[in-house]
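Note that the structure is predicted; figures quoted are calculated from it, not measured. This chain uses plain numbering: 1 for the first residue, then up along the sequence.
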Amino acid sequence: MIDLKTEEEIELLRENNQLVSKTLAEVGKHIRPGVSTAYLDKIAEDYIRANGAIPAFLGYGGFPATLCVSVNDEVVHGIPSEKRIIREGDIVSIDCGTFMKGFYGDSAYTFAVGEVAPEVLNLLKVTEEALRKGAEQAVAGRRIGDISYAVQEHAESHGYSVVRELIGHGLGKQLHMKPDVPNYGVRGRGPLLKKGMVICIEPMINMGKKNVVFESDGWTVRTADRKPSAHFEFAVAVGEKTPDILTTFEFIEN
């Protein structure tokens, strides 16, 4: 069963995802060469708690931190550490979640640190574009496959590859719910989109091949060929005629 949310519940999800958006922007202010990923994690936890929420990832399935911080060839689920220091030219994916008033928020953004190679900046640009193109399909009457195809087509048309092992998901009173939202697929296939569905669309796009490896820490996923990977994520409520994007990158990008 796919859970349909009321207008009131969607507003609570919006509140959470706006807080995640602001947390990402707050963390982004501190991403610079020489800082540890653990330092960024502490900023996020303090900010989330100061705003009346709980870090959703901390303790989730045993995850030991507030943020997933994934650098360069790490795709997702990187564990913050005092030893992991941000360097000039890195790209840093920050995935963040909140829990407040019985509902969750979940979004991600990949930051460029200082002077980043143009081809890597293009990977970030195309991945964010793919996210927005996927989100445009979140309209009642369409299908999950329409979202999946839009993401895949945009990424692959620019010569990049789409990770298969990790996908988007439903969002609500649980952090991960049905339906699954792959970043690859066929138009017109998959679950029917209905008004009131809330999903997380999160392209994970590799500069090289799509293959990934799972590290021995039980969490970190990196590209098998060690080429860079980018990750952006929106929470979106399916609308009658247009998508209702609950996340915003405006706090970061303005």
Side-chain angles (χ1 to χ4, degrees), residues 1-27 44 47-58 60 66-68 94-109 128-151 167-183 185 190-203 231-254:
M1 279 293 291
I2 297 172
D3 189 38
L4 300 181
K5 279 74 176 178
T6 65
E7 292 296 329
E8 292 77 13
E9 289 173 329
I10 288 172
E11 289 311 309
L12 291 171
L13 283 159
R14 190 189 315 279
E15 197 175 334
N16 270 280
N17 285 287
Q18 290 290 305
L19 177 55
V20 173
S21 301
K22 291 175 181 177
T23 305
L24 291 171
E26 184 66 23
V27 171
Y47 188 85
I48 289 167
R49 293 190 189 281
N51 282 275
I54 296 169
F57 296 174
L58 184 60
Y60 183 80
T66 292
L67 297 177
C68 297
I94 305 288
D95 195 350
C96 179
T98 59
F99 180 74
M100 178 171 59
K101 300 179 183 177
F103 287 86
Y104 282 92
D106 183 12
S107 302
Y109 190 92
E128 185 175 347
E129 287 171 353
L131 167 62
R132 294 184 186 280
K133 287 181 179 294
E136 287 172 4
Q137 300 298 316
V139 177
R142 294 180 186 163
R143 292 187 177 271
I144 290 291
D146 296 322
I147 295 171
S148 305
Y149 175 84
V151 172
I167 59 178
H169 52 89
L171 185 72
K173 291 183 177 179
Q174 299 171 40
L175 185 56
H176 295 104
M177 307 175 72
K178 293 294 181 185
D180 293 342
V181 187
N183 295 304
L192 183 68
L193 297 173
K194 298 178 181 179
K195 182 174 170 58
M197 290 172 60
V198 176
I199 56 176
C200 287
I201 305 170
E202 49 177 321
H231 176 214
F232 291 84
E233 178 179 10
F234 272 163
V236 184
V238 174
E240 203 68 64
K241 294 183 178 179
T242 57
D244 183 5
I245 299 173
L246 307 180
T247 307
T248 180
F249 293 155
E250 289 182 5
F251 301 121
I252 298 167
E253 296 178 345
N254 289 346

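Here CG of L24 is found 7.5 Å from CZ of F249. Values are rounded to the nearest 0.5 Å. Taken from OG1 in T23 to OH in Y47, the straight-line distance is 6.0 Å, to the nearest 0.5 Å. Atom NE2 of residue H231 and atom CD1 of residue I94 lie 11.5 Å apart, to the nearest 0.5 angstrom. In this structure, the separation between CG on L246 and CG on L12 is 11.0 Å, given to the nearest 0.5 Å. Taken to the nearest 0.5 Å, the NZ atom of K22 stands 7.5 Å off from the CG atom of N51. The distance from atom CG of N183 to atom CD of E202, rounded to the nearest 0.5 Å, is 7.0 Å.
Residue pairs meeting the salt bridge (charged side-chain N to carboxylate O under 4.0 Å, His left out) criterion with at least one member in residues 130-147, sequence neighbours excluded, are E128-R132.
Residues forming a side chain to side chain donor-acceptor pair (under 3.5 Å) with Y149 (at least two apart in sequence, or on another chain): none. Partners of E7 under the salt bridge (Lys or Arg N to Asp or Glu O under 4.0 Å) rule, at least two apart in sequence or in another chain, are K195. Residues passing the salt bridge (Lys or Arg N to Asp or Glu O under 4.0 Å) test with K5 are D3, sequence neighbours excluded. With sequence neighbours left out, P243 forms a side chain to side chain contact (heavy atoms under 4.5 Å, CB included) with A138, V139, V236. For Y60, the side chain to side chain contact (heavy atoms under 4.5 Å, CB included) partners are L175, H176, not counting sequence neighbours. With sequence neighbours excluded, no residue forms a side chain to side chain donor-acceptor pair (under 3.5 Å) with D95. Considering only residues two or more places apart in sequence or on other chains, K178 meets the salt bridge (Lys or Arg N to Asp or Glu O under 4.0 Å) condition with D180. The side chain to side chain donor-acceptor pair (under 3.5 Å) test applied to S148 returns no partner, not counting sequence neighbours. Partners of E240 by salt bridge (Lys or Arg N to Asp or Glu O under 4.0 Å), not counting sequence neighbours: none found. By the side chain to side chain contact (heavy atoms under 4.5 Å, CB included) test, T66 pairs with D41, A44, E45, I48, P55, L58, sequence neighbours left out.
Taking all atoms of both residues into account, the shortest heavy-atom contact from E9 to L4 is OE1-O, 4.2 Å. Across all non-hydrogen atoms, the minimal contact from D106 to H169 is OD2-NE2, 3.1 Å. Contact between P179 and I144 at its shortest, heavy atoms only, is CG-CD1, 3.9 Å. Nearest heavy atom pair, residue A235 against residue L171, reads CB-CD2, 3.9 Å. Contact detail for I10 and G196: the closest heavy-atom pair is CD1-CA, 4.3 Å. Taking each heavy atom of I245 and T247 in turn, the nearest pair found is CG2-O, 3.2 Å.
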*Test side chain to side chain contact (heavy atoms under 4.5 Å, CB included) on V238 and K194 and set out the steps.*
CA-CA 6 Å; V238 174; K194 298 178 181 179; 5.9 Å; no
*Can F251 and Q18 be said to form a side chain to side chain contact (heavy atoms under 4.5 Å, CB included), step by step?*
CA-CA 9 Å; F251 301 121; Q18 290 290 305; 3.7 Å; yes
Would you tabulate the side-chain donor-acceptor contacts of residues 96-104 under 3.5 Å, counting partners in other chains and residues two or more places apart, or write 'none'?
{"from": "T98", "atom 1": "OG1", "to": "N16", "atom 2": "O", "distance (Å)": "3.4"}
{"from": "T98", "atom 1": "OG1", "to": "N16", "atom 2": "OD1", "distance (Å)": "2.9"}
{"from": "K101", "atom 1": "NZ", "to": "E15", "atom 2": "OE1", "distance (Å)": "3.3"}
{"from": "K101", "atom 1": "NZ", "to": "E15", "atom 2": "OE2", "distance (Å)": "2.8"}

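Annotation: E253, atom CD; neighbour count of heavy atoms from other residues, nucleotides and ligands within 6.0 Å is above 12.
Of the listed residues (P182, P203, C200), just one forms a side-chain contact (heavy atoms from CB on, under 4.5 Å) with I167, and that residue is P182.
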